[in-house]
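So the structure is just underneath, and the comments pick up after that.
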Amino acid sequence: MAPRPGIPTATIVLAVVRRGDRFLVVQEVIPGNPWYLPAGRAELGESLVAAVQREVWEEAGLQVTVDGILRIEHTPAADGARLRVFVTARVDDDRPPKSTPDGHTLQAKWATLDEIAALHLRGGEVLDACRHVLHGGVVHPLSLWLRGGAPWA
């Protein structure tokens with residue numbers, strides 16, 4: 001029996017970065033310029049934690065430490081699949097988010113839930129994820145994230 005081909009899977013990380021009652025949002029460089037969470041595809045050979053750190057740096061100009069897992073979504077399709085991993089993170093210092101447009105985003109800012117609700121958002125998951133975190137929803141520990149072959153504890 002011949003082996004079955006692998007499923008092409010786009011792995012996307014999304015960061016919910018919180019500072020007090022404010023969350024980091026970025027204005028995207030796509031038609032309509034909506035606001036979204038810092039997010040993007042993991043690159044070949046890149047860990048998901050490293051992908052989150054890179055995306056937040058590229059899109060908001062901030063260094064973060066990933067500290068939790070919110071949810072993992074797997075969406076199969078006829079031609080592949082999409083895996084979205086929502087994580088929580090905290091900023092490593094007090095520098096402000098970037099305000100100068102570049103190829104990644106137009107700007108980034110800290111916003112409250114009410115301010116986020118007033119923005120033109122790319123999707124409802126932005127507000128849902130921030131609301132979940134602000135109201136004490138479940139955040140899973142990073143210990144769930146293991147590299148293949150890690151020992152069983």
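Only heavy atoms go into these numbers, but all of them, side chains included; no hydrogens, no water, no symmetry mates.
Across all non-hydrogen atoms, the minimal contact from Pro76 to Ala81 is CA-CB, 4.0 Å. Nearest approach of Leu121 to Pro34, heavy atoms of both residues: C-CB, 3.9 Å. In terms of heavy-atom proximity, Trp110 sits nearest to Pro97 at NE1-CD, 3.6 Å.
Note: Ile7 CD1 to Asp79 CG = 11.0 Å, rounded to the nearest 0.5 Å. Note that the CZ atom of Arg131 and the CD1 atom of Ile116 stand 9.5 Å from one another [nearest 0.5 Å]. Atom-to-atom distance recorded for Ile12:CD1 and Leu48:CG is 11.5 Å, nearest 0.5 angstrom. Note that CZ of Arg90 and CG of Leu62 are 14.0 Å apart. Values are rounded to the nearest 0.5 Å.
Note: the hydrophobic cluster containing Val49 also contains Val56 (ILVMFWY, side chain heavy atoms under 4.5 Å, direct or indirect links). Val126 and Val91 fall into different hydrophobic clusters, where Ile, Leu, Val, Met, Phe, Trp and Tyr residues are linked whenever their side-chain heavy atoms come under 4.5 Å apart, directly or through other members. Note: the hydrophobic cluster containing Val25 also contains Leu70 (ILVMFWY, side chain heavy atoms under 4.5 Å, direct or indirect links). Leu142 and Leu14 sit in two unconnected hydrophobic clusters of ILVMFWY residues. Membership requires side-chain heavy atoms under 4.5 Å apart, directly or through other members. Taking hydrophobic clusters as Ile, Leu, Val, Met, Phe, Trp and Tyr residues chained together by side-chain heavy-atom distances below 4.5 Å, Val16 shares a cluster with Leu127.
Applying the side chain to side chain donor-acceptor pair (under 3.5 Å) criterion to Asp93, with sequence neighbours excluded, gives Arg95. Residues meeting the side chain to side chain donor-acceptor pair (under 3.5 Å) test with Thr65, sequence neighbours left out: Asp92. Take Lys109 and apply the side chain to side chain donor-acceptor pair (under 3.5 Å) test, not counting sequence neighbours, and it matches no residue. Qualifying side chain to side chain contact (heavy atoms under 4.5 Å, CB included) partners for Glu55, counting only residues two or more places apart in sequence or in other chains: Val13, Glu58, Glu59. The side chain to side chain contact (heavy atoms under 4.5 Å, CB included) search around Ile72 returns Ile69, Leu83, Val85, not counting sequence neighbours. Applying the salt bridge (charged side-chain N to carboxylate O under 4.0 Å, His left out) rule to Asp21 yields no partners; only residues at least two apart in sequence or on another chain are considered. For Asp102, the side chain to side chain contact (heavy atoms under 4.5 Å, CB included) test picks out Lys98, His104, Thr105, with sequence neighbours left out. Residues passing the side chain to side chain contact (heavy atoms under 4.5 Å, CB included) test with Ala50 are Glu46, Ser47, sequence neighbours excluded.
Listed by first and then second residue, the side-chain hydrogen bond (donor to acceptor under 3.5 Å, both in side chains) pairs involving residues 25-38 are Gln27-Gln107, Glu28-Arg122, Tyr36-Arg84, Tyr36-Glu125 (not counting sequence neighbours).
Residue Arg19 qualifies as enclosed at atom CZ: its count of foreign heavy atoms under 6.0 Å is above 12. Other residues, nucleotides and ligands contribute only 12 or fewer heavy atoms inside 6.0 Å of the CZ atom of Arg71.
Looking at Arg22, its side chain never comes within 3.5 Å of a backbone N or O of Leu24 through a donor-acceptor pair. In this structure, the side chain of Thr88 engages the main chain of Gly68 through a donor-acceptor pair within 3.5 Å.
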With a 3.5 Å cut-off and sequence neighbours excluded, list the donor-acceptor pairs that the side chains of residues 143-152 form with protein atoms.
none

Under 3.5 Å, which donor-acceptor pairs do the side chains of residues 132-140 form with other protein atoms, sequence neighbours left out?
unit_1: His132; atom_1: NE2; unit_2: Val138; atom_2: N; d: 3.2
unit_1: His132; atom_1: NE2; unit_2: Val138; atom_2: O; d: 2.9

Problem - Audit row: Phe86, Asp128, side chain to side chain contact (heavy atoms under 4.5 Å, CB included) steps and yes/no - result: CA-CA 12 Å; Phe86 289 77; Asp128 292 342; over 6 Å; no

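Applying the under-4.5 Å side-chain rule to Ile, Leu, Val, Met, Phe, Trp and Tyr, the cluster around Val29 extends to Leu106.
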